[in-house]
Amino acid sequence: MSTFDLSGYLSRNRKLVDEALINVFHELDSQRELVQAMTHSLMAGGKRVRPALALATAQALGADPLIALPASCAIEMIHTYSLIHDDLPGMDDDDLRRGVPTCHKQFSEATAILAGDGLLTHAFHILAAPGSCFKVFPGAESRLILIEKISAAAGINGMVEGQMLDMQAEKNPEDLPSDKSEALAHLKKIHRHKTGAMIEVSVAAGAISAGADPEALNALGTYAQNIGLAFQVMDDILNVEGDPKVMGKAVGTDALHDKMTFPAILGLEGSKDFSKQLVAHALEALDGYKEKEFKEKSEPLRAIAGYIINRNR
């Protein structure tokens, strides 16, 4: 039985990422409303799972985890931008995120849109020119690959497309497949784009930053694809039975909007079983990579996979 202290590990990495993000924004004028809106959402807390995955992946491959810190911060900025826009009245129209008022509630709808735009674009700025904010960072060639991979994951063939598919599913439920297997396949497609793409690229970013070989990239890619989908399955479960005080956001909203979710298709227990199967496949992928010392160094990745389906927020 593992004695790995995941809570302590995540706490240390959260502090590391938060300090790095503060350093990034230290260069900007905090009196500007735009900067205040960006930091309001970015520094409101959050699990920082995506940065933790990038750092843990670099560590598993025997590199200094700090080599993945620029990509970790960029990914968290992009993730926060997506949350700001997802909460807008034209999207999910939420009032609470990470236990504080959503950006458009704290400021204004227009400011929230621009804050999201600012986080997205500044993320790529720090990847392109990390020298002023980070002491350790990948070389120029690796950073160019990171920009390519992260922009693809966040863009029109990744997260943005997933958001579009999800919105269309909610607005036009009559167009959704009625057959259970077809509906499940469509839902997987939505969330492999909407949620999975950024989780997958978090793992890839850690690997690329560490100079991973193709075999490692393949094993880690399979791991990431499975935990990315498991993450969304668990989000759907928590929207049914989570505690809003713990989660920092409303629950029951999926049923209220009659959204296509895993519990709606598979049932609550079926969804829990499915998430466990996904994590089992993820761990099998890590076991398939036989590089010496990888098993010991990849313990954080294994623990994060378990955390994803046992979390309460």
Side-chain angles (χ1 to χ4, degrees), residues 1-20 47-76 79 127 130 134-139 141-143 145-146 149-150 153 195-231 275-276 278-311:
M1 185 176 179
S2 174
T3 58
F4 182 73
D5 178 16
L6 179 62
S7 178
Y9 179 83
L10 291 176
S11 179
R12 291 190 298 274
N13 278 291
R14 189 183 303 116
K15 182 179 179 182
L16 178 67
V17 171
D18 285 351
E19 289 174 350
K47 298 175 287 290
R48 309 296 198 213
V49 170
R50 292 157 189 79
L53 282 167
L55 295 166
T57 300
Q59 176 182 317
L61 295 169
D64 179 355
L66 292 180
I67 197 74
L69 191 55
S72 297
C73 290
I75 287 168
E76 188 64 19
H79 174 57
L127 282 173
F134 301 92
K135 294 180 180 178
V136 181
F137 48 87
E141 185 176 350
S142 293
R143 297 202 311 276
I145 296 171
L146 287 169
K149 297 295 185 185
I150 294 172
T195 305
M198 289 304 294
I199 288 179
E200 288 178 43
V201 85
S202 298
V203 174
I208 292 163
S209 297
D213 60 43
E215 185 183 356
L217 286 169
N218 183 58
L220 289 161
T222 301
Y223 162 86
Q225 186 178 78
N226 280 282
I227 66 163
L229 189 53
F231 193 95
S275 68
K276 291 174 184 176
L278 289 167
V279 167
H281 292 323
L283 297 178
E284 286 171 7
L286 295 185
D287 290 338
Y289 183 56
K290 301 299 185 181
E291 194 271 335
K292 189 178 180 181
E293 298 182 354
F294 178 79
K295 184 173 183 179
E296 179 182 344
K297 291 180 179 177
S298 64
E299 197 169 9
L301 289 176
R302 298 171 192 277
I304 291 171
Y307 159 79
I308 281 173
I309 59 168
N310 291 302
R311 61 196 173 94

Look up atom [atom1] in [X] and atom [atom2] in [Y], then write down how far apart they are to the nearest 0.5 Å.
X	Y	atom1	atom2	value
H79	T195	NE2	OG1	9.0 Å
I208	L61	CD1	CG	11.0 Å
K149	L127	NZ	CG	14.5 Å
I150	M198	CD1	CE	6.5 Å
L229	L278	CG	CG	5.0 Å
I145	E141	CD1	CD	5.5 Å

Looking only at non-hydrogen atoms, find the nearest pair between [X] and [Y] and report the distance.
X	Y	answer
A56	I304	CB-CD1, 4.4 Å
S202	R50	OG-CB, 3.2 Å
S72	L55	OG-CG, 3.7 Å
I227	A305	CG2-CB, 3.9 Å
A230	I308	C-CG2, 3.9 Å
A68	A54	CB-O, 3.7 Å

Heavy atoms, side chains only, cut-off 4.5 Å: are [X] and [Y] in contact?
X	Y	value
L69	V17	yes
D18	R48	yes
F4	R302	no
F134	C73	yes
I67	P138	yes

Practice task
State which residues pass salt bridge (charged side-chain N to carboxylate O under 4.0 Å, His left out) with D64; sequence neighbours excluded, sorted by chain then number.
Solution key: none

Exercise for the section: Check step by step if side chain to side chain contact (heavy atoms under 4.5 Å, CB included) holds for H281 and T222. Expected result: CA-CA 8 Å; H281 292 323; T222 301; over 6 Å; no

Exercise for the section: Report the C-alpha distance between N226 and V279 in whole Å, list the side-chain angles of each, state the deciding distance to 0.1 Å, and finish with yes or no for side chain to side chain contact (heavy atoms under 4.5 Å, CB included). Expected result: CA-CA 6 Å; N226 280 282; V279 167; over 6 Å; no

Exercise for the section: Could you walk me through whether L301 and L220 pass the side chain to side chain contact (heavy atoms under 4.5 Å, CB included) test, one step at a time? Expected result: CA-CA 10 Å; L301 289 176; L220 289 161; 3.8 Å; yes

Handout entry: NZ (K276) with more than 12 external heavy atoms under 6.0 Å
Key =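 Atom NZ in K276 is not crowded, with 12 or fewer foreign heavy atoms closer than 6.0 Å.
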
Practice task
Report, as yes or no, whether the 6.0 Å neighbourhood of atom NZ on K47 holds more than 12 heavy atoms from other residues, nucleotides or ligands.
Solution key: yes

Exercise for the section: Could you label the plane-to-plane angle of the Y289 and F294 rings as parallel, tilted or perpendicular, counting under 30° as parallel and over 60° as perpendicular? Expected result: perpendicular

Problem - Trace of the side chain to side chain contact (heavy atoms under 4.5 Å, CB included) decision for Y9 with Q59 - result: CA-CA 12 Å; Y9 179 83; Q59 176 182 317; 3.8 Å; yes

Any donor and acceptor pair, going by atom type alone, linking the side chain of [X] with main-chain N or O of [Y] inside 3.5 Å?
X	Y	value
R311	F231	yes
K290	D287	yes
T57	L53	yes

